[in-house]
Colleague: 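Below is a structure I'd like to ask you about.
Computed from a prediction, not measured in an experiment: that's the story for all the values here.
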Number of protein chains: 2
Amino acid sequence: MSVGIRHDDLRRRNRAMVISAVRRAGQPSRTEIAATTGLSHSTISAISSDLIREGILAESKASEPVSLKRGRPQVGLALNPEAAAVLTVVLSLNFLSAAIIDYTGQVVAEEQRRLDTLTMPRDELIRECMAIVRRRLQDPDLDVRSVARIALAIQGITDSPARAMLWSPITPQTDIAFADMLEDEFGIPATVENDCNMMAVALRWRNPDRYRDDFIAILLSHGIGMGLVLKGELFTGTHSSGGEFGHMIHRPGGALCRCGRRGCIEAYAGNYAIWRNARQMSEESEPIADVSDADMRALAARAREKDGPEREAYRKAGEALGFGLGSLFALIDPAPVAMVGASAAAFDLIEPALRKAIAQTAGGQHSDSISFDTEPNELPLIREGCAMRALSFVDQEIFAPGAQMRPSVRKNVA
Amino acid sequence: MSVGIRHDDLRRRNRAMVISAVRRAGQPSRTEIAATTGLSHSTISAISSDLIREGILAESKASEPVSLKRGRPQVGLALNPEAAAVLTVVLSLNFLSAAIIDYTGQVVAEEQRRLDTLTMPRDELIRECMAIVRRRLQDPDLDVRSVARIALAIQGITDSPARAMLWSPITPQTDIAFADMLEDEFGIPATVENDCNMMAVALRWRNPDRYRDDFIAILLSHGIGMGLVLKGELFTGTHSSGGEFGHMIHRPGGALCRCGRRGCIEAYAGNYAIWRNARQMSEESEPIADVSDADMRALAARAREKDGPEREAYRKAGEALGFGLGSLFALIDPAPVAMVGASAAAFDLIEPALRKAIAQTAGGQHSDSISFDTEPNELPLIREGCAMRALSFVDQEIFAPGAQMRPSVRKNVA
DNA sequence: AGTATTTTTTCGAGGCTCGAAAAAATTAGA
DNA sequence: TCTAATTTTTTCGAGCCTCGAAAAAATACT
C-alpha cells in the first residue's frame, strides 16, 4: 500500500520540482519558479542556492534581453550542461544508433550503424549494442563518470519495469535483458524503453501545447505501434510496455498478421499489409519481411495518380486505423493524434477512409474536431524521447534522491 | 503543472493515510499502522491521538481476542461510526434507491422505488431523485449535519469531474447536472458516478486479494458496461467516465446497436442482442427497449437444454466479448475479470466462445490463465461502491483537509 | 542624486517527523 | 503472589523544512 510521507521526502520532492521547472521553462527566474510551483520565495531561494552550489543549476549570465521593467532584474536559472550526461541507444530494423546527451539535452556525440538485425544471432546482436555503448563511453572528449543513465529504445514489447525486451519484430530473438547487461557491464543505471512510448515523450517536449495531458502517437511503418499519454502520464501495460494498438482486432478471423494471428489492425495498415493489398495478393499470404521506403513512396505515388488497387489498399488501411481509433476513443475519449513514421507521409491517402470509419464509431463523435498531425521522421523523435526520459531520471533520482546522493556523479560540490 | 509540497500538506497526507489504513484493516493497532505506512511510532501516536480527540477514530473496547503474546496488548483503532455519514443514490432502469451509510460503511437506512425512467419527463426524473434524497435526509433518526457527501450512481456516461450525467440508456434525457442540483438544494457536496465504475470500486473492497491494482468489471445486462482499475486507480476517460467497452467495434458495419451505430460489442452481447439473435431476427432490426430477467433466464435455460438459435446467440455474445477483451488486453495486458449482472448467471453459455475468441488475439496469450468471476447481482455492488467512494472523499477531503476543517461536520471536538 | 519598484536573500517562528527513552500493561516463571 | 521480561504506546528534545516579514540588492524613473 502507499507509504507515508517522511520529512526528508519533502525537500526531495521540492528539489525535483525546481529542477523540472527549470528544465521545462528554460531560463526561469526564481520568482517565476515560485509562481509555477506555488512554493514561497524563501524556499525557492534556499533550494536554488543549494542546486547552484552543487553544480546542477547555474545563473545564466547570458546577455539578458532588457527587462524593460523597473526594479531589480530577474536573473535566469539554467541547467548546467556539465552537471551530468546520458547515453541514448536506439535499436530499430537494421539500424543501431547511440548518442551522448548533455544535461541540457544537447547532443554531444553521435554514432550510427547499419546491421542486419533480422538474421543476426542473439549473441551478436547483444555484442553490437554493448560495443556501440562502449565506444561512445570511451570517447576521449567525454568524462565517463558524468554519464548517469543509459536509455535504450527498441521497436517491440518491453517489460513494464523497462528492464528487458520481451519481443521485437526486428529480430527473432526474445527476452533480452538489456538493462541488466548494460548495468553489469558499465555500472550505469539503464532502462529499455518502447520506441513508440519514447515518441510520445518527445512529442510532449516538442509541442507541449498540443501534446499535454492526453494524446496518442501512432507509428505507421512496417508494423503499427502506439505511444499513449493519459492524464499526463505515459501509459504502459500492467506487465509489458502495453499499448499494442496494432494488434487490436479489426476484423475477427480476417487478414493474416505478422504476429501470426488474424484480423489485427496491423494486418491492414502495416506497410506489408498495404503492399499485400496493393499487389492484390491474398489476405492469407505470408507478410513479407520488409518493404523499402522507396517502394512505399512509389506505391503512394501510384495511389495518388489513379484509382486502383494501390488506392484501395490505403483506403483499407485508413478504415482499419479509423475503427481502431474509434474503439480506443470509446475507452479513453478522443484525444489529439500524431501520425509518425515514413507512411505518415501518405496520410493524405489514409485520412478520408479513416475519418469515415471513425465517424461510424461511438468514440468518433464530433470526428471533425479530432485532429491529426504527421511527422514522417520517427528516429529523431525516438532519440529525443529517450534523452528526455533519461534526463528526467537524473533530475529525480540522482539530483533529488530519497536516500542519499550518488557522490560519483555530482560535480563542483563545494 | 504539478505543485510543490507545502509543509502543512505533510500532516494532511499522513492523517489521510492513517484513516485509510484503519478503514482498510478494520481494527489495526498503532504499531500495525506504523508498519504499513512506514511512519514512525511517534508520528502515528500523535496523529491517532488527534483523530481520537476529534471523534474520527475510537479505541475499540471490543472484547479482544486473547493476544497470546507477552507484553502490553495492542489496542485496536476503529472508525467512529458517528463521525460522519454519507448518502448513496442509485438510479438504474425503472429503479431508484437511496441509502444512508454510517462512517464505518454500515447501512443505516434504505429506500427503494420503482419508476418508469424511460418515459419520464426530465423534470419529473429530477424531482424523483431530489425527493428520495430529501426523504432520507428528513429521517428523524438521522442527524442531517453528519451527512458529508452524496454519491449518485447512474447507468450511462458521466463527465470526468463526476458532476453530471451526460447520456444514459435509462432515459432519453441528456446532460443533467445532478451534482450541482444536489449541492444547491441540500448544501452537501455531491458527485455523479458511473455505475460500472462503482462496481469496480466495490469489488476491490470486497476482495482486495483478487481485485487489487489491475482488473476489469464488466456489466452484462441490457447494455454492456465496464469499470476498469489500472495501477490501483479507477480509470476514467479524459472528458467522460470513459471505458465504454460495449461500444468498441466488434464487426465494422455489423449488427445494429442501441446507440444507433453498427457492430458495437453490445450489439452482440447486450441482452437485447442475445434476444434478437435467439429469436433469429435480423441484425438490422431495432433493439427492443427491455427484456425481463425472467425472459433472459428462460432463454438461457433453452440454450442449455439443446443446441439451437438460443445457444448460438450466447455463442455470438461470447465471441464479441472475447474479441473485445482481446483488444483491450492488447492495450493494457491481461487482468482479472469480473462478470457482473443478471446475464453473468449465463456465463457458462458465454465462456466457451469467449475463450476461443480471446485465444485468437494478441492480448489473449496464455488465455487459460485469465480468470473470470461472476456476480449476478449488480445493485448491491453499485451501492457499496458509491458508499466507499463517498467515504473515501470524507476521509481525505473533510477529515484531512488541505485548507481548513469544515467545523459543521466535525463532532466531539474538545 | 534620490526615489520607487521589483527581485532575491536573510532570519526567526512554527510545525512536523524521528529516535531514544520512559511509561504502561500484560505474560512467564519463580 | 511477586518479579522479570516483553511488547505497545507516549513523551520529549533534536533536527529539518517551509513560511512570512523584513532587509538587502539592483535597476528605472524623475
Colleague: Run the side chain to side chain contact (heavy atoms under 4.5 Å, CB included) test against S160(A) and tell me which residues pass, sequence neighbours left out.
Modeller: none
Colleague: Could you give the CG-to-C1' distance, from L51(A) to dT9(C), as a whole number of Å?
Modeller: 16 Å
Colleague: For H239(A), I'd like to know if atom NE2 has over 12 heavy atoms of other residues, nucleotides or ligands within 6.0 Å.
Modeller: no
Colleague: Where is the tightest heavy-atom contact between I56(B) and I19(B), given as atom of each residue plus distance?
Modeller: CG2-CD1, 4.3 Å
Colleague: Rounded to the Å, how far apart are R30(A) CZ and dT6(C) P?
Modeller: 19 Å
Colleague: Quickly work out the L39(A) CG to dG20(D) P distance and round it to whole Å.
Modeller: 11 Å
Colleague: If the cut-off is 4.0 Å, is T31(A) near the phosphate of dT6(C), judged by side-chain N/O to OP1 or OP2?
Modeller: no
Colleague: Could you list the residues that satisfy ring pair (Phe, Tyr, Trp, His ring centres under 6.0 Å) with Y211(A), not counting sequence neighbours?
Modeller: F215(A)
Colleague: Starting at atom CZ of R12(A), determine the distance to atom P of dT18(D), rounded to an integer number of angstrom.
Modeller: 13 Å
Colleague: Looking at G55(A) and A83(A), what are the two nearest heavy atoms and their distance?
Modeller: O-CB, 3.4 Å
Colleague: What is the distance from CZ of R15(A) to C1' of dC16(D), rounded to the nearest Å?
Modeller: 14 Å
Colleague: For the pair made of CG in L10(B) and P in dG15(D), what is the distance, rounded to whole Å?
Modeller: 19 Å
Colleague: Is R11(A) close enough to dC16(D) that one of its side-chain N or O atoms is under 4.0 Å from OP1 or OP2 there?
Modeller: no
Colleague: Please state how far atom CG in D8(A) lies from atom P in dC18(C), giving the value in whole angstrom units.
Modeller: 8 Å
Colleague: What residues, two or more places apart in sequence or in another chain, satisfy side chain to side chain contact (heavy atoms under 4.5 Å, CB included) together with N14(A)?
Modeller: L10(A), L39(A), I47(A), I5(B)
Colleague: Using the closest heavy atom to pick a nucleotide of DNA chain C for each, name whichever of S29(A) or R6(A) lands nearer the 5' end.
Modeller: S29(A)
Colleague: Ignoring backbone atoms, test whether N14(A) places a side-chain nitrogen or oxygen under 4.0 Å from the OP1 or OP2 oxygen of dC17(D).
Modeller: no
Colleague: I need the residues from residues 40-50 of chain A with at least one non-hydrogen atom less than 4.0 Å from DNA chain D; give them sorted by number, or say none.
Modeller: S40(A), S42(A), T43(A)
Colleague: Once you round it to whole Å, what is the distance between C1' of dC16(C) and CG of D9(A)?
Modeller: 13 Å
Colleague: Between F399(A) and F393(A), is the ring centroid distance below 6.0 Å?
Modeller: no
Colleague: Each nucleotide N or O in nucleotides 2-6 of chain D that has a protein N or O under 3.5 Å away: list the pair and distance.
Modeller:
from   : atom 1 : to     : atom 2 : distance (Å)
dT6(D) : O2     : G71(B) : N      : 3.4

Colleague: Please enumerate all residues that pass side chain to side chain contact (heavy atoms under 4.5 Å, CB included) together with A162(B), with sequence neighbours excluded.
Modeller: T191(B), E193(B)
Colleague: Checking D214(A) side chain against T238(B) main chain: does a donor-acceptor pair fall under 3.5 Å?
Modeller: no
